[in-house]
Amino acid sequence: MTIRTEQIGTTLVVKLSGEIDQSCAGEIRSDIDRQLQLCPIKNLILDFAKVSFMDSSGIGMILGRYKQIKARNGTIMIIRAQPQVDRILELSGLKKIIDCG
Amino acid sequence: MENYMKLQFPAKARNEAFARAAAGAFAAQLDPTCEELADIKTAVSEAVTNAIVHGYAKKSGQVEMVCKIVQEEFIVIIEDSGEGIENIPLAMQPLYSTVPGEERSGMGFTVMESFMDTLDVDSAPGKGTTITMTKRIGQDRYGS
């Protein structure tokens, strides 16, 4: 799992690649949260183009960031989710509250 | 076709990727679709995560995984000798989690149930948990 972040104005773009499970969900969470604390960020875009696998550990991680962005009156978006990731986003109900592209 | 394999590994988070890849590689003998394979890997990941996070609560222990192929059916059994589950119906409820502080989604059993054909949870407090899941491969090919 690798994480690359880029800030464009008040939007943080997080490009994830690899597999997301319990072993790395905590690392992604603290990486994003560090940026949220340091910078005046309002919106968050999670780019899943290179994520080949995600289990429900990723759902917990996304929900946690969703709450933080909501508290800032910002918008969170998930883009380019692959079929396996898309299925779990759908099942979890996250697609009902987050724009998934 | 009848075949089986058995793996044992320590309850370490980094073994989750190994376990789901191994289960997927074994299931490949049944010539599953990409979606069927992804379903198996996701369900196995959830069950192994449960064993590591809840069964052993990050303490050391062993997880055992048995995969079987009986005709067109893939069977996976994931067993730990950890804490066990006191109330199985409650644990299986969507969004229920015993560790809310860690941002767990409580979706593990829901994912297993949705992505596999059958799910059976056998557990006793102090004795451990055994999760058995089955999935018939090629349902689309032959009609269900």
Side-chain angles (χ1 to χ4, degrees), chain A residues 1-2 14 16-34 36-37 44 46 48 50-71 76 78 81-98 100, chain B residues 9-21 23-24 32-58 63 78 91-116:
Chain A
M1 161 56 53
T2 56
V14 179
L16 302 158
S17 61
E19 303 196 346
I20 302 176
D21 62 15
Q22 195 249 139
S23 69
C24 63
E27 191 189 326
I28 300 168
R29 178 175 61 190
S30 48
D31 260 37
I32 297 175
D33 286 1
R34 199 176 315 124
L36 292 182
Q37 276 165 13
L44 179 64
L46 298 170
F48 274 80
K50 290 180 178 166
V51 175
S52 54
F53 177 88
M54 183 176 86
D55 67 14
S56 70
S57 310
I59 300 299
M61 181 274 293
I62 296 168
L63 258 181
R65 310 293 74 67
Y66 168 79
K67 286 178 190 162
Q68 292 199 39
I69 294 296
K70 273 277 139 192
I76 179 167
I78 293 171
Q82 304 302 302
Q84 188 272 339
V85 174
D86 194 68
R87 246 163 93 68
I88 201 149
L89 290 173
E90 181 86 55
L91 175 71
S92 68
L94 271 189
K95 287 181 106 171
K96 288 184 191 142
I97 57 169
I98 296 175
C100 292
Chain B
F9 49 88
K12 292 180 190 293
R14 74 180 80 108
N15 282 330
E16 288 163 14
F18 164 68
R20 64 178 175 259
T33 61
C34 284
E35 191 175 299
E36 287 167 335
L37 202 56
D39 286 355
I40 288 170
K41 287 169 82 172
T42 314
V44 166
S45 194
E46 300 294 348
V48 172
T49 301
N50 270 9
I52 294 169
V53 175
H54 304 291
Y56 295 112
K58 292 179 181 166
V63 180
I78 291 156
M92 289 178 76
Q93 269 180 28
L95 309 179
Y96 176 81
S97 177
T98 49
V99 277
E102 289 188 33
E103 286 191 354
R104 305 228 171 263
S105 65
M107 294 292 293
F109 280 123
T110 308
V111 170
M112 291 182 236
E113 246 174 345
S114 308
F115 288 4
M116 301 294 276

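Throughout, protein chains are lettered first and strands after them, A, B, ... in sequence-line order, and every chain is numbered starting at 1. None of the values given here were measured: they were computed from a predicted structure.
Only the side chain of B/D39 comes within contact range of chain A, judged by heavy atoms closer than 4.5 Å. Looking at A/L63, there are no atoms closer than 4.5 Å to chain B (heavy atoms on both sides), in backbone or side chain.
Annotation: the span from A/Q22 atom CD to B/E16 atom CD amounts to 4.5 Å, rounded to 0.5 Å. Note: B/S114 OG to A/R87 CZ = 8.5 Å, rounded to the nearest 0.5 Å. For the atom pair B/K12 NZ and A/S23 OG, the distance stands at 13.0 Å (nearest 0.5 Å). Remark: A/I88 CD1 to B/S105 OG distance equals 7.5 Å, nearest 0.5 Å.
Between the B/E46 side chain and the A/S56 main chain, a donor and an acceptor come within less than 3.5 Å of each other.
Between B/T49 and A/S57 the shortest heavy-atom distance is CG2-OG, 4.4 Å. Closest of all the heavy-atom pairs between B/S45 and A/D21 is OG-CB, 4.3 Å. Between A/Q84 and B/A38, the shortest heavy-atom distance links the atoms CG-CB, 3.6 Å.
Between chain B and the residues A/I59, A/L91, A/I62, the most heavy-atom pairs under 4.5 angstrom are made by A/L91. Comparing B/M107, B/R20, B/K41 by how many heavy-atom pairs each has under 4.5 Å with chain A, the most go to B/R20. Taking A/R65, A/K67, A/M54 one by one and counting their heavy-atom pairs under 4.5 Å with chain B, the maximum is reached by A/R65.
In the displayed structure, A/K95 atom NZ is contacted under 6.0 Å by more than 12 heavy atoms of other residues, nucleotides or ligands.
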